[in-house]
Student: 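Got a structure for you, questions after.
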Amino acid sequence: MTALRPSGPSQPSGTPSLAQIRAAYQALLARRLSILAILGGAICLSVLLDFSLGPAGLSPAQLIHTLLHPSTVPASQRIIVWQIRLPYALMAVCVGAALGLSGAEMQTILANPLASPFTLGVSAAAAFGASLALVLGLHLPGLPDTWLIAGNAFVCAIGSVFLLDVVGHLRHARTSTVVLFGIALVFTFQALVSLMQFMASEDALQDLVFWTMGSLTRTTWPKVGLLAAMGALVVPFSFRAAWSLTTLRMGEERAASLGVNVPRVRRGALLRVSLLSALAVSFVGIIGFVGLVAPHIARRLLGEDHRFYLPGSMLAGALILSLSSVTARMLIPGVIIPTGIVTALVGIPFFLSIVLRQRGLS
Amino acid sequence: MTSAPSPQAGLSATHVTVQYGRRIVLQDVTAGPFRPGSVCALLGPNGSGKSTLMRAMAGLVPSSACVTLNGAELSGMSLTDRTARCLYLPQALPAAVHLPVLEALIAARKTADRARVLSASDAPEEDAIQSALESLTLFGIPQLAMQAMDELSGGQRQLVGLAQALSRKPDTLLLDEPLSALDLHHQFAVMDILRRESTAHQLVIVLVLHDLNIALNMTDFVTVLHDGQMVASGPPAAVLTPDLLREVYRVHARVEEGADGRKFVSVDGIA
């Protein structure tokens with residue numbers, strides 16, 4: 001007996017040569033790159049669509065002209081493009097990418113397909129923080145008025161992830177403990193938000209309900225810039241950890257035995273996720289669905305090699321939210337429906353069509 | 001083993017005590033030396049501490065152990081350095097993830113590169129692909145290379161896990177029940193491969209086994225654990241006696257010899 005005989009039902013015609021396997025692997029890598037490129041292209045199209053639809057719709061030519069030569073177009077057109085449409089469109093892309101990446105890393109480090117900033121209480125904590133500012137007028141000192149709500153939301157969201165981290169480091173804590181604790185956080189913060197709603201004045205109540213619906217209309221350039229800067233800071237670390245995260249997916253004990261410092265990888269990911277998702281959620285309110293489904297879409301399309309899965313989740317998240325932003329503008333002419341409402345309605349068909357279609361990798 | 005080994009050659013663990021809370025899982029176990037170029041079996045009933053001893057030797061559980069490999073102390077090394085020399089293969093099969101088998105092996109290599117474990121740190125991807133393909137060929141499963149892990153059977157995933165471990169080319173392999181999901185053919189084939197690799201590359205291979213007949217005929221050295229203590233150690237034919245099987249495994253058994261000289265355990269009933 002010198003070697004194992006080929007086994008398995010898929011081998012009627014003998015073992016493939018190593019050159020054939022290499023070629024097949026290169027083809028798979030190329031296919032994944034083209035899927036990423038297609039997602040990127042779709043995002044560009046969606047952003048263009050965002051500009052050209054709606055009451056103040058611009059043709060692509062007008063848009064490019066306004067972007068390149070802002071001084072030569074009418075002031076109204078310049079303001080609409082530069083102060084309203086462009087920040088909204090970019091915010092949709094940035095928030096979608098941030099939530100997509102956060103969900104992807106959470107699902108990997110917690111080994112749970114239901115993990116996301118929404119299902120683990122980050123969004124609910126942010127809503128609670130917002131409610132403190134809106135209802136009780138409690139806020140951080142020294143912040144300008146336009147940042148009060150976002151500041152509160154951010155602090156509470158970070159705090160909730162910190163609690164998750166603490167629970168994860170308790171003795172005998174398993175990943176399932178962290179997930180269960182996250183779900184407990186969701187209910188706790190939802191109850192607290194309801195309490196705030198119960199106590200709130202009519203005006204404050206309206207503001208709070210609107211905030212929790214999730215909307216891109218609160219976007220300003222500094223917020224877009226801050227979120228993009230945070231992404232630029234955090235994403236390289238995520239991509240650097242790609243191999244460790246891929247190995248972690250094959251089992252915690254296996255990863256540890258292959259030399260992955262599991263607690264450190266997990267903690268690093270949680271830190272990145274908390275910064276990104278807390279910032280995103282504090283700027284736009286509760287847009288829960290994206291962080292949960294974007295990773296599943298990326299997994300189906302690209303597999304779980306995190307070199308592709310992480311950017312894929314970002315692009316899928318950005319695309320869903322960008323399309324949602326377009327839809328929010330289109331559903332009722334003249335009214336921008338809060339994006340959080342539309343996201344699930346737009347995302348679910350997209351999600352189901354990909355996830356329900358079981359398929360292999362090649 | 002061709003020449004007489006130096007007394008330090010191989011993997012030794014001395015004074016291993018492991019506690020989970022108040023429960024003592026291993027009490028002052030001294031095991032080895034497990035010699036390079038040999039295949040050694042760790043035997044014992046369920047819950048006797050076999051997996052824990054392996055994890056302690058690999059540095060994956062806190063213990064008071066002093067573990068040396070060819071005279072060099074492993075206990076003080078960082079986990080990443082340590083796992084590069086002494087690789088533990090967990091009993092749990094690799095998870096059924098949506099990842100091609102080839103990439104599962106590449107990831108196992110690249111993870112180590114990232115941790116700056118191997119001397120060829122930041123080794124080009126080509127090296128990782130090459131060693132992955134060699135390892136899959138060694139186990140006769142190159143045809144699985146492009147299949148996703150979540151499309152494989154349990155036995156196939158176990159072979160992938162073994163290929164993953166060997167593609168890392170460690171000096172020492174600690175394999176926790178590596179045959180548990182395999183059919184009869186593959187059990188013997190894997191033992192053959194391990195014996196050949198051990199001789200060819202002077203590896204230390206220790207594996208947890210439940211099949212005493214495989215231990216008798218296909219290993220060079222056995223260590224028997226019982227209730228967290230080491231009860232016997234030595235050549236399999238000398239260690240696996242009816243008395244020991246009754247005491248440790250609680251069965252009435254005979255060790256018989258076939259016409260070709262191969263030994264086999266025949267169990268008459270439980271004791």
Side-chain angles (χ1 to χ4, degrees), chain A residues 1-11 13-22 24-29 108 111 171-172 240-262 264-265 299-300 302-309 359-362, chain B residues 21 55 58 60 79-84 87-90 92-95 97-100 102-104 106-108 110-115 117 129 133 136-149 151-153 155-156 159 161 164-165 168 174 185-186 188-190 192-193 196:
Chain A
M1 210 177 331
T2 51
L4 291 171
R5 278 199 301 274
S7 59
S10 62
Q11 268 314 294
S13 57
T15 305
S17 74
L18 297 190
Q20 282 172 318
I21 297 172
R22 275 170 194 278
Y25 184 56
Q26 295 304 329
L28 178 68
L29 293 180
T108 293
R171 274 170 63 86
H172 312 303
R240 240 183 79 87
W243 285 117
S244 299
L245 291 168
T246 304
T247 310
L248 186 57
R249 278 293 290 142
M250 284 181 270
E252 183 174 342
E253 193 178 24
R254 183 167 303 266
S257 69
L258 290 170
V260 177
N261 187 334
V262 176
R264 203 177 65 192
V265 167
R299 193 175 293 139
R300 275 282 153 226
L302 297 157
E304 296 196 61
D305 179 341
H306 281 57
R307 288 176 302 166
F308 298 93
Y309 168 63
R359 48 179 292 176
L361 286 163
S362 46
Chain B
R55 289 197 197 109
L60 296 171
L79 185 64
T80 43
D81 277 349
R82 193 168 174 167
T83 53
L87 185 67
Y88 169 68
L89 184 76
L93 302 179
V97 292
H98 203 53
L99 189 73
L102 181 64
E103 216 154 43
I106 295 172
K110 295 292 285 185
T111 292
D113 290 345
R114 182 61 78 206
V117 173
I129 296 178
L133 287 173
L136 288 173
T137 307
L138 179 67
F139 284 94
I141 48 171
Q143 77 281 3
L144 298 183
M146 293 308 293
Q147 281 196 39
M149 297 282 283
E151 295 168 350
L152 302 185
S153 72
Q156 287 173 324
L159 290 176
Q164 212 177 29
R168 290 270 301 242
L174 305 172
H185 169 86
H186 285 96
F188 282 84
V190 164
D192 253 18
I193 292 166
R196 266 189 290 120

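Proteins come first, then strands; the chains are lettered A, B, ... in the order of their sequence lines, and each starts at number 1.
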Student: Please state whether the side chain, the backbone, both or neither of Ala165(B) comes within less than 4.5 Å of a heavy atom of chain A.
Tutor: neither
Student: Might you point out which heavy atoms bring Val97(B) and Arg249(A) nearest each other, and give the distance in Å?
Tutor: CG1-O, 3.3 Å
Student: Quick one: does Leu89(B)'s side chain get under 4.5 Å of Arg254(A)'s, heavy atoms only?
Tutor: yes
Student: Sort Arg82(B) into side chain, backbone, both or neither according to what part of it lies under 4.5 angstrom from a heavy atom of chain A.
Tutor: neither
Student: So which of Ala145(B), Pro142(B), Ala92(B) has the largest heavy-atom pair count under 4.5 angstrom toward chain A?
Tutor: Pro142(B)
Student: Heavy-atom distance under 4.5 Å to chain B: side chain of Leu248(A), backbone, both or neither?
Tutor: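 When you check distances to chain B, no heavy atom of Leu248(A) falls under 4.5 Å.
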Student: Check the pair Leu99(B), Asp305(A) against side-chain contact (heavy atoms from CB on, under 4.5 Å), reporting the backbone distance first and the verdict last.
Tutor: CA-CA 6 Å; Leu99(B) 189 73; Asp305(A) 179 341; 3.9 Å; yes
Student: Quick check: do Ile141(B) and Gln147(B) have side-chain heavy atoms less than 4.5 Å from each other?
Tutor: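 Of all side-chain heavy-atom pairs linking Gln147(B) with Ile141(B), none is under 4.5 Å.
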Student: Can you find a heavy atom in the side chain of Leu136(B) that is under 4.5 Å from one in the side chain of Leu102(B)?
Tutor: yes
Student: Using the rule given for side-chain contact (heavy atoms from CB on, under 4.5 Å), can you reason through Arg300(A) versus His98(B), listing the C-alpha separation, both sets of side-chain angles and the distance that settles it, and then say yes or no?
Tutor: CA-CA 8 Å; Arg300(A) 275 282 153 226; His98(B) 203 53; 3.9 Å; yes
Student: Just give me the residue among Met250(A), His306(A), Arg307(A) that pairs up with chain B most often, heavy atom to heavy atom, under 4.5 Å.
Tutor: Met250(A)
Student: Among Ala104(B), Gly155(B), Gly161(B), Pro90(B), which residue has the highest count of heavy-atom pairs closer than 4.5 Å to chain A?
Tutor: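 Top count of heavy-atom pairs under 4.5 Å with chain A: Pro90(B).
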Student: Is Leu174(B) close to chain A through its backbone or its side chain, or both, or neither, when contacts mean heavy atoms under 4.5 Å?
Tutor: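 Neither part, no heavy atoms under 4.5 Å.
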